[in-house]
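These notes are about the structure you will find just below.
Here, residue 1 is the first one in the sequence, and each next residue gets the next number. Each ligand, and each atom within it, is numbered from 1 in the order the structure gives. Excluded from the calculations below are hydrogen atoms, water molecules and symmetry mates; all remaining heavy atoms, backbone and side chain alike, are included.
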Amino acid sequence: MLIVKKFGGTSVADKERIFNVARRCIEDYKAGNEVVVVLSAMGKQTDVLLDMAVEINPKASRRELDMLLTTGEQTSVALMALAMDSLGVPAISLNAFQVAMHTSTVYGNARLKRIDTERIKNELANRKIVVITGFQGINKYDDYTTLGRGGSDTTAVALAAALHADKCEIYTDVDGVFTADPRIVPSARKLPEITYDEMLELASLGAGVLHNRSVEMAKKYGVQLVVRSSLNTTEGTVVKEEVKMEKMLVSGVACDKNTARIAVIGLEDQPGVAFKLFHHLANHNINVDIILQSVGRDGTKDISFTVAKDSLEEAVATIERHRATSLKCQKVDIEKNVAKVSIVGAGMMSNAGVAAKMFEALYDVGVNIKQISTSEIRVTVLIDETQVERAMNAIHEAFSLAE
Ligand code: ASP
Ligand code: MG
């Protein structure tokens with residue numbers, strides 16, 4: 001069997017944990033499997049490197065940042081190969097160049113395009129454990145790129161797809177995917193399985209267990225994932241196309257505090273206004289979410305929407321720049337202390353009243369809803385950031401998600 005095992009930063013944070021991971025991989029190797037290991041940078045090393053860069057140059061170019069950040073993963077794979085070697089098992093570390101893992105050109109947020117598998121296959125055939133850097137790639141200029149924060153998951157899934165692996169295991173510091181973040185909802189329960197679509201909604205909602213693009217890729221190539229803990233041996237959560245169990249009405253409650261709301265008040269109520277507004281924002285690569293447009297009155301209308309907190313400044317500046325010309329409006333309001341709370345469940349599609357039940361739970365604990373958005377398998381509300389805990393616990397309870 002060919003197994004791809006990915007370990008996150010906390011799983012390789014120090015010497016003891018590196019050896020723990022090495023032993024787990026060796027166990028599979030000794031059972032006769034081919035083992036490919038994908039690693040993140042140790043602990044918070046990526047943040048440490050980013051801080052160092054900003055201290056030297058607050059306007060550090062993305063190219064140099066990638067050059068710097070890729071050293072984090074390179075350190076962990078080399079140390080891991082050394083650990084395995086010291087345990088008497090042949091291992092070899094490879095970086096994105098050596099593999100090679102080809103990506104698009106964008107620094108800091110590149111997309112994997114193609115992975116050469118020859119070198120890996122040769123090393124496996126020589127009965128080595130192959131330890132590969134996550135998060136990084138190379139572009140057509142022969143420069144290092146990175147796949148965006150948390151991107152090692154995507155490296156692992158891409159490798160599993162390219163190598164037609166039999167298993168792809170994502171090891172982390174939690175036991176799997178939960179019905180809610182246990183730090184916010186103490187009664188949260190681990191899910192035995194979850195669909196790709198549910199996981200995608202949860203990932204993009206800030207559940208933070210898996211890199212969003214890794215789930216997209218797993219769905220596209222039919223790679224079944226297991227998310228489990230590197231610190232114990234409890235079975236994790238399987239992420240796949242269809243779950244065997246009866247579809248739960250709601251599988252989980254997620255929150256995303258990295259949200260700010262912008263309201264553009266008194267726009268002209270005529271064709272093309274929404275287009276211009278979002279076109280300008282898109283030109284600056286600003287992702288918008290939950291859009292709400294008011295009913296027009298006296299020839300004007302309001303449009304509000306949410307953006308990630310770190311895009312707020314640029315979004316407002318962009319709107320301000322166009323206010324005098326193509327985007328006439330009365331004022332631009334911002335609200336920073338908001339958060340998105342969402343319920344996700346594949347079973348929602350065929351059941352009425354799910355949204356109403358969520359709203360009732362919020363009403364019961366006095367939480368005001370500022371904005372609402374839905375998809376086939378998700379309902380999201382925008383609420384005051386200070387009420388997230390109360391809201392999530394109430395919703396979790398209302399849908400009987402606890403054990
Ligand atoms: N080391 C990178 C990060 O911290 C990639 C990863 O951990 O997946 O974002
Ligand atoms: Mg991660």
So, are Glu268 and Lys328 salt-bridged, with charged N and O less than 4.0 Å apart? no

With a cut-off of 6.0 Å (strictly less than), are more than 12 heavy atoms of other residues, nucleotides or ligands near CD of Glu320? yes

Is there a donor-acceptor contact under 3.5 Å linking the side chains of [X] and [Y]?
| X | Y | result |
| --- | --- | --- |
| Gln371 | Arg261 | yes |
| Glu201 | Ser375 | yes |
| Thr146 | Gln136 | no |

Distance (rounded to the nearest 0.5 Å) between Tyr107 OH and Asn139 CG: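 It comes to 4.5 Å.
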
For ligand 1, the residues whose heavy atoms come within less than 4.0 Å (ordered by chain, then number): Ser40, Ala41, Thr46, Glu73, Phe135, Arg149, Gly150, Gly151, Ser152

